[in-house]
Structures are given as C-alpha cells and as structure tokens.
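Working notes for the structure below.
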Amino acid sequence: MKILGIETSCDETAAAVVEDGRITLSNIVSSQVDIHARYGGIVPEVASRQHMLTILPVVEQAVSQAEVTWKGIGAVAVTYGPGLSGSLLVGVNVAKALALTYALPLIGINHLEAHIYANWLNGKDILFPCLCLIVSGGHSDLVLMVGHGKYSRIGRTRDDAAGEAFDKGARILSLGYPGGPVIEATARDVVPTIALPRAWLRGSNDFSFSGLKTALLHLVRARESLDHFWVTDAAASYQQAIVEVLASKTIAVARALDVKEILLSGGVAANSALRDQFIRRSPLPVIIPPPSLCTDNAAMVAACGYYRFQSGHIDCCELDVVPGLGIS
Ligand code: KG4
Ligand code: ZN
C-alpha cells in the first residue's frame, strides 16, 4: 500500500510517498530556513504563507518522483498537530481536498508519533518494548512504546526543549539560526573545557535545559568580547552538556525498564555528538534514522500513517488541527 504523507507543522513544506510503511519512494522537503533566518527564528505568519505557495508543487513532485499515478495511492496521511496552527491548517486542508478529489482515506497524524516512525524507514526490524527519545525544537519526550500506536510518555522537559536549547545557545553566542546545526559545526573537533551545569533531576525521568542556557548567558555577559577560540569552546561545552544529560538519562531509563532497543528521533537526533554518545555508551541496540529523516519530513508521516491505517484508524473531513497535541 502506497501512502502520500504531507507535513507542514512548522517551517518545512514536505510531501512523500512510502510503500508499506517502510520503503521510501519519494521524499520532498522544501525548507523555509533561509526566509526565517533573517528574523533569527520562525515567524508563524510568514511560515503559513510560504506553505501555501509551496505545498502543491511539493505534492506534485512527490507523486511524480515516486512514479505512481493517483490511482496507485492508497491513502493520504497528514500531520494535524502539534505545531503552528496556521501552518498545520495548510497541510490538513490540502490533504482533505486530495482525499475528497481522489476518494482516498484520510489519516490524521501526530507529528511526535511520526518522528518515532522515521525509525521504520531505516530498513531494520524494530523490537518492542522500546524506549523512544524524541528531541525536537518543541519537545524532549521519553516515550515507552509497547506496540504500534501504544505509547506512554514517561519523561519530558520541564522548560526548554533540547532543540530550543540549541537554538537559544546559538543566539547567545551570536552564531545565527538554526542553532543546532551551527553549534554542531562550530563545535566540530573542539575539546570542550568550559564547566557548565547539568540538570540531572535525580529520581525523575524529566529533563531541564533552561539553567544551562542561563549559565551560558552569564558567562557571555561577563566577557568583554567573544573571541573565536572561546566561542568554539563554549559551543562544544554547551553541546556536550545537552548531549550528556540526554544520553545518560535515556540509557539509565532503558536499562531500568529492560526494553529491547532505544529509538532516537527529532531534529536534535541529527546531531553527531548525540549519535556518537549513544552508540558509544549504550549496552542496548540504538536505532537512529539518517539525519535527513530526523528533521521534519513527510516520509515519517506516511510511515506512521501506514501503521495507523493497519490498526483501523481513518479520519473524516471533520479532521481539525490540534496545535498543542501531545503524546501519551
Ligand atoms: O524535528 P525538527 O526538525 O522540528 C520540530 O519538530 O521542532 O527539529 C528542529 C530542531 C531545531 O531546534 C534545530 O536547531 C534542531 O532540531 N536541530 C539540531 C540539529 N539539526 C536540527 N540540533 C542539534 N544538532 C543538529 N545537527
Ligand atoms: Zn518535528
């Protein structure tokens, strides 16, 4: 079964065709990053307008690159939350129109679940129960998954998400936007020497990154100027503090719960220091999508849609956006 996935929850306009939830036939992502970079962050109004301009060509390209006709598509899956309401509305309404036009089932997808399902596009079989770490711009969730569509969130961030911490840290260091990739590039091959705090929150599976961000801000304010060597050290030290907490806590929880595997997902999972840390330290198998499937894309939406469809979930044209949707 070939599913068309549509993703417009934030600043990527994306469409993809995936077969049987595992084989990517096409995966088109049109990024707005250059448009928002001049503002130092995403401007919601600009994002939704840009989605409107781009969505139809992106869908057309995904279908033609997959070498299918509309008759060959079995369903349309679309992200309905969480995300920016104006952006979500564009994807959901286009998906509804396509489902009506071609008489296809419509499947509403939780963006956080979709991030987890990027791991099914990896070619490896996933074993349940597994522990999923979703680290994106808006979320840092630890989710126990016992079967398809069966989740319980057992940890979350109490303040900033990991991606948000990267973005704010980059702004404090005047490195630009988006913060994750630029901190990773600045920190590459640099040995971190600056002591920064880690919020271990012992006895809890939660995370906290706002204290780390404030500590970096105080260090920057105490300096007369930001020379290149100090900034690279600060970027590497800051990255290490985030990565160490994410890896140590996730691995400890996975061992305590005796899960079979750890699944990473979300934009921050593209970070090579995070990937290395997990692979080096985890006694359990760690599954990580390739970087292009960690950041927002529609192949993960289509993969998730396949498993949701298999378990009998179909939505109707009443489907509405839920900007504050969580995973439970
Ligand atoms: O999953 P995603 O593409 O969108 C959301 O659902 O939020 O994640 C975006 C976040 C941003 O905060 C970005 O800075 C971060 O992921 N990110 C990274 C890297 N690439 C993207 N963080 C650290 N290292 C990276 N290489
Ligand atoms: Zn995302």
Side-chain angles (χ1 to χ4, degrees), residues 5-14 16 27 29-33 36-37 40-42 44 47 51 78-84 87-88 91 109-119 132-141 143 156-157 160-173 175-188 207 209 212-213 235-236 238-247 263-278 288-301 303-304 323-327:
I6 295 179
E7 159 62 40
T8 61
S9 67
C10 196
D11 62 338
E12 324 280 0
T13 316
N27 189 17
V29 180
S30 167
S31 175
Q32 304 176 6
V33 70
H36 298 285
I42 296 162
H51 284 308
V78 63
T79 301
Y80 72 100
L84 302 168
S87 293
L88 289 165
I109 297 295
N110 179 327
H111 181 79
L112 300 171
E113 277 187 51
H115 269 305
I116 293 176
Y117 273 91
N119 285 291
C132 312
L133 174 69
I134 311 168
V135 270
S136 65
H139 293 81
S140 297
D141 287 340
V143 175
R156 64 185 169 93
T157 179
D160 293 344
E164 197 179 351
F166 271 105
D167 294 337
K168 288 177 176 173
R171 198 175 311 158
I172 292 168
L173 293 171
L175 288 172
Y177 169 87
V182 78
I183 286 197
E184 177 176 354
T186 308
R188 186 156 294 129
F207 302 106
F209 298 107
L212 170 66
K213 169 195 67 189
Y238 189 78
Q239 172 175 267
Q240 170 141 319
I242 296 173
V243 160
E244 239 177 62
V245 174
L246 288 172
L263 269 52
L264 303 191
S265 61
V268 178
N271 184 277
S272 57
L274 183 77
R275 302 164 80 94
D276 289 351
Q277 182 103 185
F278 267 95
I288 321 174
S292 63
L293 293 175
C294 290
T295 47
D296 287 350
N297 65 86
M300 66 185 195
V301 176
C304 185
L325 187 67
I327 193 163

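Numbering of ligands and ligand atoms starts at 1, following listing order.
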Residue part near ligand 1, for His139, under 4.0 Å between non-hydrogen atoms: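 Within the 4.0 Å criterion, His139 makes no contact with ligand 1.
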Answer side chain, backbone, both or neither: which part of Glu12 comes under 4.0 Å from ligand 1, heavy atoms only.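 Near ligand 1, Glu12 shows nothing, with every heavy atom at 4.0 Å or more.
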Does some non-hydrogen atom of Cys10 fall short of 4.0 Å from ligand 1?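 The answer is no: ligand 1 sits nowhere under 4.0 Å from a heavy atom of Cys10.
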Could you check whether any heavy atom of Gln239 sits closer than 4.0 Å to an atom of ligand 1, since that is the contact criterion I want to use?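 Gln239 does not count as a contact of ligand 1 under the 4.0 Å cut-off.
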Considering only non-hydrogen protein atoms, determine which one is nearest to [atom] and report residue, atom name and distance to 0.1 Å.
| atom | value |
| --- | --- |
| atom 14 (O) of ligand 1 | Asp167 OD1, 2.7 Å |
| atom 21 (C) of ligand 1 | Gly267 O, 3.5 Å |
| atom 22 (N) of ligand 1 | Gly180 CA, 3.2 Å |
| atom 7 (O) of ligand 1 | Gly137 N, 2.8 Å |
| atom 3 (O) of ligand 1 | Asp296 N, 3.1 Å |
| atom 24 (N) of ligand 1 | Asn271 ND2, 3.0 Å |
| atom 6 (O) of ligand 1 | His111 NE2, 3.1 Å |
| atom 26 (N) of ligand 1 | Glu184 OE1, 2.7 Å |

Nearest non-hydrogen partners of [X] and [Y], listed with the distance:
| X | Y | result |
| --- | --- | --- |
| Asp296 | Glu7 | OD2-OE2, 4.2 Å |
| Asn110 | Tyr80 | N-CE2, 3.9 Å |
| Leu112 | Ile327 | CD1-N, 4.1 Å |

N, O or S atom within Asp296 nearest to the Zn ion (ligand 2), by name: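 Answer by atom name: OD1.
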Could you please spell out the steps behind the side chain to side chain donor-acceptor pair (under 3.5 Å) verdict for His51 and Thr13? CA-CA 6 Å; His51 284 308; Thr13 316; 2.9 Å; yes
Within less than 2.8 Å of the Zn ion (ligand 2), any N, O or S from His115?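 Given the 2.8 Å cut-off, His115 counts as a ligand of the Zn ion (ligand 2).
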So, His111 and the Zn ion (ligand 2): N/O/S under 2.8 Å, yes or no?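 Short answer: yes, at least one N, O or S atom is under the cut-off.
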For Tyr117, which of Ser265, Cys132, Pro289, Cys304 qualifies under side chain to side chain contact (heavy atoms under 4.5 Å, CB included)?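 Exactly one option meets the side chain to side chain contact (heavy atoms under 4.5 Å, CB included) with Tyr117, and it is Cys304.
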Go through ligand 1 atom by atom and flag the ones less than 4.0 Å from a non-hydrogen atom of [X].
| X | result |
| --- | --- |
| Gly163 | 12 (O) |
| His115 | 1 (O), 6 (O) |
| Gly138 | 7 (O) |

